[in-house]
Amino acid sequence: NFYLALQELKLSADEVVYVGDNPYHDFKGAKQIGIYTVRIFQGEFKDVRLDDDYEADAEIKTIRGLLKIVK
């Protein structure tokens, strides 16, 4: 799905930031193709920690924290 989205948007992986909250499903695939991933610690998964393969490249507590990352 990530490849399809990049093709449709005519973007490369290094031009995209993927933000999610679920380490079970959100980050592994995106990281494998070179998309920078950001995990927001809110919602039902805020207390879940997994090994590095399943965690994001960066972490934020609020969506405002994303501004520091994308600058």
Side-chain angles (χ1 to χ4, degrees):
N1 292 336
F2 292 110
Y3 281 122
L4 293 174
L6 292 175
Q7 287 177 336
E8 184 69 25
L9 296 169
K10 295 179 174 60
L11 295 170
S12 63
D14 63 348
E15 296 176 291
V16 175
V17 174
Y18 181 85
V19 180
D21 69 340
N22 183 343
Y24 295 108
H25 301 289
D26 285 344
F27 311 114
K28 188 171 183 176
K31 286 173 60 171
Q32 287 176 336
I33 64 168
I35 294 174
Y36 191 77
T37 57
V38 178
R39 181 175 175 191
I40 186 164
F41 278 88
Q42 293 182 353
E44 72 179 279
F45 302 103
K46 68 182 177 187
D47 296 321
V48 174
R49 288 278 186 181
L50 301 179
D51 65 49
D52 287 345
D53 288 341
Y54 291 89
E55 288 293 350
D57 298 306
E59 302 174 352
I60 57 177
K61 292 187 186 277
T62 67
I63 200 66
R64 285 188 172 268
L66 189 58
L67 293 174
K68 293 178 187 174
I69 292 171
V70 297
K71 283 187 179 183

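- Counted within 6.0 Å of CG on Asp14, heavy atoms from surrounding residues, nucleotides or ligands total more than 12; the atom is thus considered enclosed.
- The distance from the CD1 atom of Ile35 to the CD atom of Glu15 is 11.0 Å, given to the nearest 0.5 Å.
- For the pair Lys46 (side chain) and Lys61 (backbone), a donor-acceptor distance under 3.5 Å is absent.
- Note on Ile69: it does not cluster hydrophobically with Tyr18, by side-chain heavy-atom contacts below 4.5 Å among ILVMFWY residues.
- In the hydrophobic clustering of ILVMFWY residues, with side-chain heavy atoms under 4.5 Å counting as a link, Val70 and Ile60 come out together.
- Linking Ile, Leu, Val, Met, Phe, Trp and Tyr whenever their side-chain heavy atoms come within less than 4.5 Å puts Leu11 and Tyr3 in one cluster.
- Formation of a donor-acceptor pair under 3.5 Å by the Glu55 side chain with backbone atoms of Leu50 is found in this model.
- The two residues Ile40 and Thr62 have their closest heavy-atom pair at CD1-C, 3.7 Å.
- Closest non-hydrogen pair, Ile33 versus Phe2, comes out as CD1-CB, 3.3 Å.
- The cluster map of Ile, Leu, Val, Met, Phe, Trp and Tyr, joined by side-chain heavy atoms under 4.5 Å apart, puts Val19 and Tyr36 in the same cluster.
- Listed here is the closest heavy atom pair of Ala56 and Arg39: CB-N, 3.4 Å.
- Asp26 approaches Asp21 most closely through the heavy-atom pair OD2-N, 2.9 Å.
- With a 6.0 Å radius and a threshold of 12 heavy atoms from other residues, nucleotides or ligands, Asp53 has its CG atom above the threshold.
- Side-chain heavy atoms closer than 4.5 Å link hydrophobic residues (I, L, V, M, F, W, Y) into clusters, and following such links, even through other members, never connects Tyr24 to Phe41.
- Between the side chain of Asp57 and the main chain of Thr37, a donor-acceptor pair closer than 3.5 Å is present.
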